[in-house]
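To start, the structure under review is shown below, and the notes come after it.
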There are 2 protein chains.
Amino acid sequence: METITIKDIARALNLSTSTVSRALRNSYEINTETKKLVLEYAEKMNYRPNPIALSLRDSKSKSIGVILPEIANNFFSQLINGIESIAYNMGYHVVIFQSHESYEREVANTNYLVSRKVDGLLVSLSSLTTDISHFEELLDKGLPIVFFDRVPKKVETHKIVADNFGGSYQATEHLIKTGKRKIAHITSPIYLSITMERLAGYKKALEDNGIPFDESYVKYCHHGGMVVSENEAAVQELLDMDEVPDAIFTASDRITTGCLSVLHRKHIRIPDEIAIVGFTNIGVAELLNPPLTAVVQPAMDMGNQATELLIKLIEHPKKPTIFESRSLKTSLIIRESTAGKIVNVS
Amino acid sequence: METITIKDIARALNLSTSTVSRALRNSYEINTETKKLVLEYAEKMNYRPNPIALSLRDSKSKSIGVILPEIANNFFSQLINGIESIAYNMGYHVVIFQSHESYEREVANTNYLVSRKVDGLLVSLSSLTTDISHFEELLDKGLPIVFFDRVPKKVETHKIVADNFGGSYQATEHLIKTGKRKIAHITSPIYLSITMERLAGYKKALEDNGIPFDESYVKYCHHGGMVVSENEAAVQELLDMDEVPDAIFTASDRITTGCLSVLHRKHIRIPDEIAIVGFTNIGVAELLNPPLTAVVQPAMDMGNQATELLIKLIEHPKKPTIFESRSLKTSLIIRESTAGKIVNVS
DNA sequence: TTGAAAGCGCTAACAC
DNA sequence: GTGTTAGCGCTTTCAA
């Protein structure tokens, strides 16, 4: 069962490789007889075109590259499933790379994917990326890129994000409604789009409810919560304040679980002493102690839509006059971590 | 900043492409002067060899393919990090594909990776894979493959698994020691290696402790717990028994959380009514209600070792006289889901 | 309707 | 020490 090439078919059928090639692509110029002959033989021998050769020729690969911070994360892995399902249906393969929140790895992955001739890129920026010229250059060269979740501000291309402002506003307002006033916010580095938007929603909700914004209630985790000590430090600083917060709004999966873990270790009662709501897609939110109130992003849908936009860009290379910036609604799922009563086991 | 090729360099420097090629590979036959010239120019122009062209020529790609059931799973995503860290250091790229527990997708992914000329494959079988001839053929053709976690029984190649028997034995014995006698086991399809081994460990622990094995206490989830109704059905059947179990040992991430969720909904007190221990790597085990006793696999290490073995196979193509079957120790982490006392919040 | 040949980027056997 | 050439698998002018 060796790999068979066009040349093999040509030799076996006493034809030229070009005839075989054309027959396989069902070219109008080829005799029906010949075509049938070739097709049948190819089928019989289980011929498969060599995608590498095709890529070399066409500088295309029917594959799209995905660069995101990490896959060991419910939000991103759900999103990947969304990407895959669309790509799969459209005949594209998906190649995933993790930046691990490192700018250098993001750049390295980008270069590799480009040299591998991916037809387009789906990107969510690492938390340490401030310079995005590696993507800008590619866009200038005409490589389709769609950003999702963590998007650069200025770049001219499709972007698709959750309604971070709205989700945050809703979460904060919910805390206020349950009687909390000293609401802290633990979040990612400030230069990330998601951070700014979520911070803005939080601020606005405070403002609209007559609660003064206090910068010292906002803590930033430079590695997006990937480093345990970050979380600990952030929580500890909050606990050490004169006016200890009565609620914390955490901005991501990792920060949420990290923060919960610290609160547990310190035997802080949730939500009595401190209520908590997380901007997170963790699957077991309901099984946590206490069940976690969460702002959930439509991750799968985000993956779907980003992929659709990208493939549209790939297959219709004429520059669209206008690039879309879509924003997907989040949902606030209220559970006991903000319930205002003691959680009972069972 | 267009892509530059060897030909461009040759033209610019008035050399032949082969001279440039040799200079770049630092061949001994090339004049030091020339070499320097070429190297400097290449550096200046930011030359990068085209990996597609290399793959076409050499039928190699410096990349390894990974095929596993799903990414949105702590065990597998930790494992991927283990794979990546080794591969990265050895200069290989990692291409990940999910079978989503589907035999057809596993086959399709395999074919694609092979046509893309990956240098080797790292595989954990889907829960619906019973026929492994697609891998056997490749092995016969000389493609290096290393199996991990869910490994085929008969195949002659390196395999690396957790000590499933031992981990199960330990978990079951622990339940027995905390006074449980009616211990149920919810697990994956029986033909998976992990299922058989875990079942065997469970049986042996019962036997060694004078508890008769009762087949009706073992429930199988055909889709490995991916389908919610499976879990519900399994738990419900157990609850409907005359002798309702006083403990459940769940065999995987998905089955564990699914089972927990059902128990929660039914307001079963854990561990009083039913204790639970899971064979799982979920990151938030400690934050669950109650904190979950778990058999944890060294996922990262498994990824490391599998990758090392694979790369060894790739780089030393002479068939090793003997293939390794490594088994890595698991650790039982005891928490309150088996504590034998009421869990208190805070 | 079919074939010959060039070219995608690179390397290596074989000249010189 | 350097150049020429062929070839990896495929498509596509151009010619017949």
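Only this structure's heavy atoms are used, side chains among them; waters, hydrogens and symmetry mates stay out. Below, read A as the first sequence line, B as the second, and so on, with proteins coming before strands; counting in each chain starts at 1.
- The local environment of NZ in A:Lys312 is sparse, with at most 12 non-hydrogen atoms from other residues, nucleotides or ligands closer than 6.0 Å.
- With rounding to whole Å, B:Ile4 atom CD1 is found 16 Å from C:dC8 atom C1'.
- For B:Ser18, taking side-chain heavy atoms from C-beta onward, the closest of the listed nucleotides D:dG9, D:dT4, D:dT11 is D:dT4.
- Going from atom CZ of A:Arg116 over to atom P of C:dC8 covers 19 Å, rounded to whole Å.
- Between A:Asp58 and B:Arg57, the residue anchored nearer the 5' end of DNA chain C, judged by the nucleotide with its closest heavy atom, is A:Asp58.
- If you check the side chains of B:Asn81 and A:Gln98, you find a donor sitting under 3.5 Å from an acceptor.
- Distances shown here put a side-chain N or O of B:Lys7 below 4.0 Å from the OP1 or OP2 atom of C:dC8.
- In this structure, B:Thr34 reaches the sugar-phosphate backbone alone: every heavy-atom distance under 4.0 Å involves primed, P, OP1 or OP2 atoms, never a base.
- If you measure from atom CZ of A:Arg11 to atom P of D:dG9, you get 10 Å, rounded to the nearest angstrom.
- Looking only at atom types and distance, the side chain of B:Ser55 has a donor-acceptor partner in the side chain of A:Arg116 under 3.5 Å away.
- Between the P atom of D:dT11 and the CD1 atom of A:Ile9 lies a distance of 11 Å, rounded to the nearest Å.
- Heavy atoms from other residues, nucleotides or ligands lying under 6.0 Å from CD of B:Glu315 number more than 12.
- Contact between the side-chain N/O atoms of B:Thr19 and the OP1/OP2 oxygens of D:dG3 is found at a separation under 4.0 Å.
- Checking A:Leu15, A:Ile9, A:Asp8, A:Val20 one by one against A:Tyr41, the side-chain contact (heavy atoms from CB on, under 4.5 Å) holds for a single residue, A:Ile9.
- Residue A:Tyr47 places at least one side-chain N or O under 4.0 Å from the OP1 or OP2 atom of D:dC10.
- When distances run from any side-chain atom of B:Glu29 to the nucleotides D:dC10, C:dC10, D:dT2, the shortest one goes to D:dT2.
- Atoms CG (B:Leu24) and C1' (C:dT11) sit 12 Å apart, rounded to a whole Å.
- Rounded to whole Å, the distance from NZ on A:Lys60 to P on D:dT11 is 12 Å.
- Here the nucleotide nearest the side chain of B:Thr17, chosen from D:dG3, D:dT11, C:dT11, is C:dT11.
- When heavy atoms are screened at a 4.0 angstrom cut-off, B:Arg22 is found touching base atoms of the nucleic acid.
- Using cut-offs of 30° and 60° on the angle between ring planes, the pair A:Tyr112 and B:His93 is parallel.
- Rounded to whole Å, the distance from CG on A:Leu13 to C1' on C:dT2 is 14 Å.
- Heavy atoms of A:Ser21 sit under 4.0 angstrom from at least one base atom.
- Using a 4.0 Å heavy-atom cutoff across all strands shown, B:Thr5 reaches sugar-phosphate atoms only and no base atom.
- Contacts of A:Leu56 with the nucleic acid, taken as non-hydrogen atoms under 4.0 Å apart, include base atoms.
- Residue whose closest nucleotide on DNA chain D sits further toward the 5' end, between B:Asn31 and A:Asn50: B:Asn31.
- A:Leu15 comes within 4.0 angstrom of sugar-phosphate atoms only, judged by non-hydrogen atoms across all strands, and of no base.
- D:dC10 atom P lies 5 Å from atom CD1 of A:Ile6, rounded to whole Å.
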